[in-house]
Amino acid sequence: EPEVTQTPSHQVTQMGQEVILRCVPISNHLYFYWYRQILGQKVEFLVSFYNNEISEKSEIFDDQFSVERPDGSNFTLKIRSTKLEDSAMYFCASSLLGGTGDTQYFGPGTRLTVL
Amino acid sequence: AQKITQTQPGMFVQEKEAVTLDCTYDTSDPSYGLFWYKQPSSGEMIFLIYQGSYDQQNATEGRYSLNFQKARKSANLVISASQLGDSAMYFCAMREGDRMTTDSWGKLQFGAGTQVVVTP
């Protein structure tokens, strides 16, 4: 069964460093998303991406964040200068279409720890 | 205002019993979708079941069913015949509108989750 994959599973970085989180969405899906979950808290939307551009972003997704689809399979989230409060689980998700009922399938997550 | 409210932070249930997880939502959009996801201790998010706002019947998927009460804006998840492997955090989520009617491109908004522990 096709699935969303994410690498790495765990990333430890120093405050101020840049990190790139990688995702391979399900191959025929057209819509891509990043969410984050700070430990013990709810899952929060960061950004959605369609047709090679950002469709929607939350207040969390400030200038420190960027997304890219560098080739036909990868979808990346870059954090330019990490802060302590960026420590969280980051989930990539994809969906075939963008409709209300279209299920988003999540990857296993990347746990980011900023020291 | 919270879009999705899950009032039960944690629940214990005995194996083979049924459990109902509460979810209420807030939207003025006539078109929306409601989703339940399971998050085991390993951390991944597993899709369980979906209910559309226009669906006439309650959704079912195996041991999962959704008690959808539109007028009350509730979408409770029922897990029947609980198994030890059902122990996990369960999240209710909503997706409002669609790109024909809103600027929303389908973000999911999640509740705080309910931790379920199934005991032998």
Side-chain angles (χ1 to χ4, degrees), chain A residues 1-6 8-10 23 26 29-51 53-61 67 88-113, chain B residues 2-7 9-10 23 25 27 29-55 59 61 66 68 75 89-115:
Chain A
E1 186 172 317
E3 57 183 19
V4 178
T5 60
Q6 289 184 246
S9 56
H10 192 186
C23 167
I26 294 173
H29 283 187
L30 300 176
Y31 292 81
F32 315 115
Y33 311 84
W34 285 100
Y35 294 84
R36 80 170 186 193
Q37 184 183 30
I38 295 172
L39 189 62
Q41 297 186 24
K42 65 169 71 174
V43 178
E44 302 172 290
F45 168 78
L46 292 177
V47 66
S48 59
F49 191 87
Y50 168 71
N51 201 25
E53 58 183 28
I54 290 174
S55 308
E56 185 178 7
K57 58 184 181 180
S58 71
E59 316 81 64
I60 303 167
F61 194 89
V67 289
M89 180 77 98
Y90 288 80
F91 291 104
C92 172
S94 70
S95 66
L96 178 60
L97 305 169
T100 310
D102 197 36
T103 299
Q104 292 180 27
Y105 293 93
F106 282 70
T110 292
R111 182 166 297 286
L112 177 66
T113 302
Chain B
Q2 294 287 334
K3 287 283 188 176
I4 296 285
T5 303
Q6 294 181 254
T7 57
C23 172
Y25 58 91
T27 182
D29 201 306
S31 175
Y32 54 89
L34 297 156
F35 300 80
W36 279 91
Y37 286 85
K38 171 184 177 182
Q39 187 178 42
S41 57
S42 50
E44 71 267 35
M45 295 285 286
I46 302 166
F47 165 71
L48 295 178
I49 195 167
Y50 160 77
Q51 180 84 45
S53 59
Y54 295 118
D55 292 346
E61 283 287 347
L66 209 150
F68 181 47
M89 183 73 98
Y90 289 80
F91 290 98
C92 180
M94 177 173 65
R95 192 176 191 178
E96 292 176 281
D98 59 51
R99 63 188 184 281
M100 299 299 290
T101 59
T102 74
D103 291 332
S104 169
W105 284 81
K107 69 182 179 190
L108 287 173
Q109 298 171 85
F110 285 82
T114 296
Q115 181 73 49

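Just so it is clear, the model here is predicted, and its values are computed rather than measured. Note on naming: letters A, B, ... go to the chains in the order of the sequence lines (proteins, then strands), and numbering restarts at 1 for each one.
- Contact tally against chain A (heavy-atom pairs below 4.5 Å) for B:Glu44, B:Gln51, B:Met94, B:Met45: the top residue is B:Met45.
- Comparing B:Ala93, B:Ala112, B:Gly43 by heavy-atom pairs within less than 4.5 Å of chain A, the highest count is held by B:Gly43.
- Judged as a side chain to side chain contact (heavy atoms under 4.5 Å, CB included), and not counting sequence neighbours, the contacts of B:Phe47 are A:Thr103, A:Tyr105, B:Phe35, B:Tyr37, B:Tyr50.
- When heavy atoms are compared at a cutoff of 4.5 Å, B:Gln39 approaches chain A solely by way of its side chain, counted from C-beta outward.
- Looking at A:Gln6, neither its backbone nor its side chain comes within 4.5 Å of chain B, counting heavy atoms on both sides.
- To the nearest 0.5 angstrom, A:Cys92 atom SG is 11.0 Å from A:Tyr33 atom OH.
- Among B:Lys3, B:Arg95, B:Glu96, the single residue meeting the side chain to side chain donor-acceptor pair (under 3.5 Å) criterion with B:Gln109 is B:Glu96.
- Considering only residues two or more places apart in sequence or on other chains, A:Tyr90 meets the ring-ring contact (aromatic ring centres under 6.0 Å, His included) condition with none of them.
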